[in-house]
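I have placed the structure first, in the form of structure tokens, so that the comments after it can refer back to it.
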Amino acid sequence: MDRRKNMRRAEFRRKCIQLASALLYNANFAGFASGTIYKGDPKGVCVPGLNCYSCPGAVAACPLGSLQNALSAMPDKLPLYILGILMLLGLALGRLICGFLCPFGLIQELLHRIPGKKLKKGRWSRKLSWLKYAVLAVFVVAIPLWYAFTAGYPLPGFCKYICPAGTLEGGIPLVALQETLRPMAGWLFTWKTALCAAILLFCIFCYRAFCRFLCPLGAIYSLFSRVALLAFRVDEGKCDGCGLCTRVCGMDVKAVGDRECIQCGRCRHICPRGAIYFGWERNQNHEAEKTISDPAADRHTSAGGMPERQ
Amino acid sequence: MTKRHAAQLALAACGLAFLILGAAQGGYQTTMAKAIRICMECIGIG
């Protein structure tokens, strides 16, 4: 009972962080009234989560849009700046960004709270989760590079044909607020609006469907899952392999902290053995245990603080 | 040092080097130039 209460409390805290980050990313509230976008210096820096830089409220750049834009500048200029930002964000936070710092993730989670029948995860969803890597390879990397090298002009494939965050946060508000943009909204706007509506509708029945199957930013951060500094991990010494952590998870995880884990931390409070720890906690606990344990036990621990498998 | 720590160090070094080199070659300005104009592709017009 306490475990469930702790889980609900942690979920509430996570929602507050998600909401705060969404507000921080879009703190240019005046833009929503004027229908113009922010032009200050922070726009040269990317936020960690998916947040369109053409949203009237956005105060910083979108990492995916910036990556495609930087790839379009090749071969004259390598996309080092944005790759450096993505590497450092991935290393520090990994998919914790998806769980805590992505406004579009928050929208999907809120939609999933609408009561009704829900699609259960399974082999189908696990297989479909590979689709986001194809979206990353084709729409984020290949299309901008192809146009940069052959046509010599930028074409951000993901932003143009797929991104529902761009439509929801940028397209719809700007077209609604700026009369000059309305006549320009043609088939592409209709396609993107329909796709965005379909994705959001699907999210009512399927937990974080966009993140699981389509999001190329999640695909990028998932590459850092094994090395991210702040992440939930399993203490192999305590885990008895009951599998409750993966069953309670809405994502297509096979194990806590794998490529599909968005580090929401729900599993931590449900684990009956208390085997799931966050980031540096284990090292701290281990140090505390070491001070009261038999010195002989130290011979069975590795330098990294993890017990060696016998 | 474990393999994970080595990978973390290598990634941190690469990430920092990329960021500094990228900023030096005008990456910040490129990002800024795109982000302060309405992206027609993003909003479904261009």
Side-chain angles (χ1 to χ4, degrees), chain A residues 36-41 43-46 52-54 58 60-62 65-66 69-70 73 77-91 154-156 159-161 163 166-167 170-172 174-175 178 181 184-186 188-193 224 226-227 229 302-304 306, chain B:
Chain A
T36 54
I37 63 169
Y38 180 69
K39 297 184 178 195
D41 288 343
K43 273 260 170 125
V45 182
C46 299
C52 184
Y53 42 32
S54 287
C62 167
S66 302
N69 183 46
K77 205 185 266 185
L78 294 171
L80 295 178
Y81 176 71
I82 183 67
L83 283 179
I85 290 179
L86 285 172
M87 281 172 89
L88 292 175
L89 284 171
L91 174 66
L155 195 144
C159 293
K160 184 165 182 174
Y161 299 114
C163 187
T167 311
I172 294 170
L174 284 177
V175 169
Q178 284 198 21
L181 288 175
M184 295 159 77
L188 188 63
F189 185 77
T190 309
W191 155 253
K192 281 198 72 183
T193 308
F224 297 88
R226 296 185 68 152
V227 291
L229 296 171
S302 63
M306 295 290 284
Chain B
M1 183 187 281
T2 62
K3 274 183 188 171
R4 181 186 285 174
H5 289 147
Q8 286 169 338
L9 269 177
L11 275 170
C14 272
L16 267 177
F18 279 15
L19 184 67
I20 293 165
L21 283 172
Q25 68 169 19
Y28 171 84
Q29 284 83 358
T30 309
T31 306
M32 177 87 171
K34 175 74 178 171
I36 58 169
R37 290 180 182 87
I38 292 176
C39 167
M40 291 302 193
E41 292 91 352
C42 303
I43 66 170
I45 286 178

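Residue numbers begin at 1 in each chain, while the letters A, B, ... track the order of the sequences.
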*Considering only heavy atoms and a distance below 4.5 Å, find which of A:Ala61, A:Pro156, A:Gly166 pairs most often with chain B.*
A:Pro156
Validation: residues 9-21 of chain B side-chain donor-acceptor distances under 3.5 Å, sequence neighbours left out:
none

Which side-chain N or O atoms in residues 34-41 of chain B pair as donor and acceptor under 3.5 Å with protein atoms at least two apart or in another chain?
unit_1, atom_1, unit_2, atom_2, d
B:Arg37, NH1, B:Ala33, O, 2.7

_Max heavy-atom pair count under 4.5 Å with chain B, selected residue of A:Thr193, A:Ile82, A:Leu181_ = A:Leu181
*Go through the atoms of A:Phe224 and report whether side chain, backbone, both or neither lie under 4.5 Å from a heavy atom of chain B.*
side chain
*Tell me, out of B:Gly27, B:Ala7, B:Cys42, who's got the most heavy-atom pairs with chain A below 4.5 Å.*
B:Cys42
*Flag the one option from B:Gly44, B:Gly22, B:Ala23 with the top tally of heavy-atom pairs under 4.5 Å to chain A.*
B:Gly44
*Going by heavy atoms in the side chains, are B:Thr30 and A:Tyr81 under 4.5 Å from each other?*
no
_Stepwise side-chain contact (heavy atoms from CB on, under 4.5 Å) check, A:Phe189 with B:Ile43_ = CA-CA 7 Å; A:Phe189 185 77; B:Ile43 66 170; 5.8 Å; no
*With a 4.5 angstrom heavy-atom cut-off, could you sort out which part of A:Leu155 is near chain B: side chain, backbone, both or neither?*
neither
*Donor-acceptor pair, B:Arg4 side chain versus A:Arg226 backbone, under 3.5 Å?*
yes
*Between chain B and each of A:Gly84, A:Gly65, A:Ala185, count heavy-atom pairs under 4.5 Å; write down the option with the most.*
A:Gly84
_Among the listed options A:Ile85, A:Leu86, A:Thr190, A:Leu78, the residue most often paired with chain B at heavy-atom distances under 4.5 Å_ = A:Leu78
*Heavy-atom pairs under 4.5 Å with chain B, option from A:Lys43, A:Met87, A:Met184 with the top count*: A:Lys43
*asked:* So which atom in A:Ser54 and which in A:Leu174 form the shortest heavy-atom distance, rounded to 0.1 Å?
replied: O-CD1, 3.2 Å
*Is there side-chain contact between A:Ile172 and A:Thr167, with heavy atoms separated by less than 4.5 Å?*
yes
*Contacting moiety of A:Leu91, where chain B heavy atoms sit under 4.5 Å*: side chain
*Decide yes or no for A:Val175 and B:Ile45: does some side-chain heavy atom of the first lie under 4.5 Å from some side-chain heavy atom of the second?*
yes
_Side chain, backbone, both or neither of A:Lys192 within contact of chain B (heavy atoms, under 4.5 Å)_ = side chain
